[in-house]
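Residue numbers run from 1 in the order of the sequence given. If you're wondering where the values come from, they're calculated on a predicted model, not measured in any experiment. What you see below is based on every heavy atom in this structure, not just the backbone, and it leaves out hydrogens, waters and symmetry mates.
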Amino acid sequence: MVGDGIDVETAVRGVLGDLLGLGDARTAALEPGTPLFGAMPELDSMAVAGLLTELEDRLGIIIDDDEVDGELLESFGALVAFAKAKVAKAA
């Protein structure tokens with residue numbers, strides 16, 4: 001969990017890499033502008049549910065269904081910003 005010294009961006013990067021099997025190089029290359037849903041074939045609608053569940057588990061947050069929209073998964077930066085806001089609210 002984030003309280004254990006892992007920052008949010010690292011956690012989100014780890015979830016994407018682990019869940020989607022991106023490999024070390026692709027995972028490390030994720031930048032704020034990197035497009036996600038619709039651009040990464042690995043991140044399909046089935047993978048989104050697993051991604052959100054894993055983020056909840058690793059970050060100790062709860063993501064409500066009404067918070068999930070296209071903007072959330074538009075880019076790596078958007079997903080990190082969302083996760084940071086959720087972690088700050090939960091603290």
Side-chain angles (χ1 to χ4, degrees):
M1 285 188 43
V2 174
D4 298 332
I6 297 174
D7 75 11
V8 173
E9 182 175 336
T10 300
V12 172
R13 185 181 304 277
V15 168
L16 285 167
D18 294 347
L19 190 73
L20 304 179
L22 299 180
D24 293 342
R26 283 183 70 201
T27 302
L30 292 171
E31 295 184 3
T34 301
L36 297 179
F37 193 75
M40 268 186 188
E42 298 89 350
L43 186 58
D44 59 16
S45 56
M46 296 296 288
V48 169
L51 170 69
L52 298 176
T53 300
E54 190 64 25
L55 285 173
E56 288 179 328
D57 290 347
R58 289 198 197 183
L59 298 175
I61 59 175
I62 295 175
I63 301 171
D64 296 318
D65 290 343
D66 63 352
E67 295 177 298
V68 180
D69 59 22
E71 290 180 18
L72 171 65
L73 297 167
E74 185 175 337
S75 68
F76 178 67
L79 184 58
V80 170
F82 172 80
K84 284 182 177 180
K86 292 296 288 185
V87 167
K89 231 178 179 183

Report task. Please name all residues satisfying side chain to side chain contact (heavy atoms under 4.5 Å, CB included) with A85, sequence neighbours left out, ordered by chain then number. Result -> none

Query - Nearest atoms (heavy-atom pairs only) where L59 meets A11 - result: CD2-CB, 3.5 Å

Requested in this report: For residues L20 and A47, report the shortest heavy-atom separation together with the two atoms involved.
Outcome: CD2-CB, 3.9 Å

Report task. To the nearest 0.5 angstrom, please state how far the CZ atom of F82 sits from the CD1 atom of I61. Result -> 6.0 Å

Query - Minimum heavy-atom distance P41-A39, with the two atoms named - result: CD-O, 3.5 Å

Query raised in the report: Under the side chain to side chain contact (heavy atoms under 4.5 Å, CB included) criterion, do L16 and L79 qualify, and how do the steps go?
Result: CA-CA 10 Å; L16 285 167; L79 184 58; 4.3 Å; yes

Requested in this report: Examine distances only and state if a side-chain atom of D44 and a backbone atom of M46 form a donor-acceptor pair shorter than 3.5 Å.
Outcome: yes

Query raised in the report: salt bridge (Lys or Arg N to Asp or Glu O under 4.0 Å): which pairs involve residues 24-43, sequence neighbours left out?
Result: R26-E42

Query raised in the report: Should L30 and E9 count as side-chain neighbours, where that means a heavy-atom distance under 4.5 Å?
Result: no

Query - Which residues share a side chain to side chain contact (heavy atoms under 4.5 Å, CB included) with T27, sequence neighbours left out - result: R13, L22

Query raised in the report: To the nearest 0.5 Å, what is the distance between OG1 (T53) and CG (L19)?
Result: 9.0 Å

Report summary line: Hits for salt bridge (charged side-chain N to carboxylate O under 4.0 Å, His left out) against E71, two or more places apart or cross-chain, chain-then-number order -> none

**Report entry** Pairing residues for E56 by the side chain to side chain donor-acceptor pair (under 3.5 Å) criterion, not counting sequence neighbours
**Finding:** none

Report task. Check A83 against V8 and note the closest heavy-atom contact, atom names and distance. Result -> CB-CG1, 3.6 Å

**Report entry** side chain to side chain donor-acceptor pair (under 3.5 Å) partners for D18, two or more places apart
**Finding:** R58

Query raised in the report: Of all residues at least two apart in sequence or in a different chain, which pass the side chain to side chain contact (heavy atoms under 4.5 Å, CB included) check with V48?
Result: F37, L43, L52, L73

Query raised in the report: Is there any salt bridge (Lys or Arg N to Asp or Glu O under 4.0 Å) pair reaching into residues 75-91, and which pairs are they, with sequence neighbours excluded?
Result: E67-K86

Query - Partner residues of D65 under the side chain to side chain contact (heavy atoms under 4.5 Å, CB included) criterion, sequence neighbours left out - result: none

Report summary line: Residues G60 and A90: closest non-hydrogen pair is O-CB, 4.3 Å

